[in-house]
Number of protein chains: 2
Amino acid sequence: MDRLETRELAYFLAVAEELHFGRAAIRLGIAQPALSKTVRQLERRLGVTLFERTSRAVALTEAGRVLAREAGVALAAMSAAALRTQRAGTRDPRLLLAMKPGGDAGLLPAILAAYDREPQALPVEVVFGAAPSRMLREGQADAALLHAPPDELAGLDTETLLTEAPVAVLPVSHPLAHRASLRMADLAGENLHRKPADPGAMKPLSELMHLIALGRTVAVLPRVLTRPLRDDLITVPMTDLPPVALLLAWPAHSTSRPVAALARAAAAAISGS
Amino acid sequence: MDRLETRELAYFLAVAEELHFGRAAIRLGIAQPALSKTVRQLERRLGVTLFERTSRAVALTEAGRVLAREAGVALAAMSAAALRTQRAGTRDPRLLLAMKPGGDAGLLPAILAAYDREPQALPVEVVFGAAPSRMLREGQADAALLHAPPDELAGLDTETLLTEAPVAVLPVSHPLAHRASLRMADLAGENLHRKPADPGAMKPLSELMHLIALGRTVAVLPRVLTRPLRDDLITVPMTDLPPVALLLAWPAHSTSRPVAALARAAAAAISGS
DNA sequence: CCGGTCCATTCCTCCAGGTTACCGATCGCA
DNA sequence: TGCGATCGGTAACCTGGAGGAATGGACCGG
């Protein structure tokens, strides 16, 4: 078995996502026959069929689904290798900290202040993005502040900064607004805001808050994300949902001392506040 | 920045390990100029120098050290992608469980028996190797039984099966042999057996036990590794060492239901015994 | 039955990864 | 000091294969 090439995996992944050789070829900036040939060659080398093709439709086989997942991991690791090496080569050492806008629960200043007191502290550059965990895996960041949906944590080491029960966000005029606590069943009749599957399609928080104030929807969120809270909204703790954690995360194989120092500082800053 | 190719990373890694272009080229089965050219091109593409070369010696730069680590992770992921896809494509579904010989603490039969009672159980094939965690990362196994040196656990999910204090292994005739417990300080004067840095150089356990019986050395090991124990040896719990864990591990991004079932079964088998 | 869609095949071009041969720098050694 | 050995880089050439354009062939809707 000869070694897999990144080009082959990238081509395969494009087809796996588009399920259409023509569109995938356009996305890759090549002609369709070259793409067909490369994918066929990949199948021959692996000794496995990756797609069920008819002249009308393309579908992944079971093996194709496995490769789609593994190829994503592998290409992210390749990308991370390049970016981390370039950053290590420049004489401008800094620590890239990724987070969603507003995702720090207002704790960032305390964390950064504590980190600055560490002996080997580097300048910290905060980079915002919709998917901080992906930025970690692709080497676009050294550490990230994120909330813990366990499915996004594969391959990352984490330090839990705080955990708390989620809260319902309601208009002050809402019938449930002044209850001391709520259960999911209490919200059964409400138009509960659902997080979209595609992180890119996620609404900005300010927009969501506006919709809630208008009575168009209600939401259940980690409490930290709701601060500061608009005057016309109120939050009520949920009692039957698992607590949500705010985490500091970094690549599992990281040996970076600055990252370790940041984790130390963040834990100290939180517990001390 | 164009995308990194696996060939470039493999070539770079060979030079990084040999620190010698000629030997690395032989290992790769190519001529030395091709290797020099490719590494130079890699440096140009990354915009970073990876090696300090003189006409007499080759050394890694800081960026080179970063890439050496990252390249290893990335290539392991590529290899895993190929192997897992091939296994998914064959119509012979089985679960590959990696472990060191004797590393199961005698728990394997109970675990396998419990797993067989799971609804979607697959045939389990046990594969032995010196570095089970590496076999996981490279896709040569679906799950592994291993003891927890935390540095080997990067990128893996784990289920702790049992934890226990390490024990000292002594000849029955040893002055300390009949103490109820020991501290590391008690062993200060002994010729304590050290685990070699290279896992390949590790002695077989039976050999180590023989040396202990002869009075040539003493060892501190997880208790499970000492069973069954020779008549002429005795084990004494250590009180000032962190407990050692026996873990079931699998790749962090695995979504395999059989692996999940194995984790469930293993946990149940241990807690029930 | 015809036109449109979509993947595969064929044939050609050209680049990049490989080879051999040679060069320049550096060290050990007489 | 000068000779030979070691080692990485450079030059010139060759070739496999990645990519493009044109075409084929299967399948669908109308």
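Just so we're on the same page: letters track the sequence lines, and every chain starts at 1.
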- prompt: Counting only side-chain N and O atoms of A/Thr54, is one of them less than 4.0 Å from OP1 or OP2 of D/dC27?
  reply: no
task: In whole angstrom, give the distance that lies between atom CD1 of A/Ile30 and atom P of C/dA8.
output: 13 Å
- prompt: With sugar-phosphate meaning primed atoms plus P, OP1 and OP2, does B/Gln41 contact a base, only sugar-phosphate, or nothing at under 4.0 Å between heavy atoms?
  reply: sugar-phosphate
query: B/Leu42 CG to C/dA16 P: how many Å, rounded?
result: 16 Å
message: Side chains of A/Arg45 and A/Glu8, heavy atoms from C-beta outward: is any pair under 4.5 Å?
response: yes
task: Describe the nucleic acid contact of B/Ala31 in one word from base, sugar-phosphate, nothing, applying a heavy-atom distance below 4.0 Å.
output: base
message: How many whole angstroms separate atom CZ of B/Arg45 from atom P of C/dA16?
response: 10 Å
message: Do A/Thr49 and A/Glu43 pair up side chain to side chain, a donor and an acceptor below 3.5 Å, judged on atom types alone?
response: no
Residue A/Arg257 excluded, over 12 heavy atoms near CZ under 6.0 Å: no
field: Distance, rounded to the nearest Å, where A/Glu8 contributes CD and D/dG17 contributes P
entry: 12 Å
- prompt: Does a sphere of radius 6.0 Å around CZ in A/Arg216 hold more than 12 heavy atoms from other residues, nucleotides or ligands, not counting ones at 6.0 Å or beyond?
  reply: no
task: Evaluate the ring planes of A/Phe12 and A/Phe51, with Trp represented by its six-membered ring, and classify them as parallel (under 30°), tilted (30 to 60°) or perpendicular (over 60°).
output: tilted
message: Without decimals, in angstroms, what is the distance between B/Glu5 CD and D/dG17 P?
response: 15 Å
message: Tell me the interatomic distance from B/Arg56, atom CZ, to D/dG9, atom P, rounded to whole angstroms.
response: 14 Å
task: State whether the number of non-hydrogen atoms from other residues, nucleotides or ligands found under 6.0 Å of B/His210 atom NE2 is greater than 12.
output: no
- prompt: Which of residues 11-23 of chain A have a heavy atom under 4.0 Å from DNA chain C?
  reply: A/His20, A/Phe21, A/Gly22
- request: Could you grab the distance from atom CZ of B/Arg23 to atom CG of B/Leu35, nearest 0.5 Å is fine?
  value: 12.5 Å
- request: For A/Arg53, report the nucleic acid contact type (base, sugar-phosphate, nothing); a contact means any heavy atom under 4.0 Å.
  value: sugar-phosphate
query: Can you tell me how far C1' of C/dG17 sits from CZ of A/Arg7, to the nearest Å?
result: 13 Å
- line: In whole angstroms, the gap separating C1' of D/dG8 from CZ of B/Phe51 amounts to 13 Å
task: From the options D/dG20, C/dC7, D/dG9, select the nucleotide whose nearest atom is closest to the side chain of B/Arg40.
output: D/dG9
task: Record whether the side chain of A/Lys37 comes under 3.5 Å of the base of D/dG19 through a donor-acceptor pair of N or O atoms.
output: yes
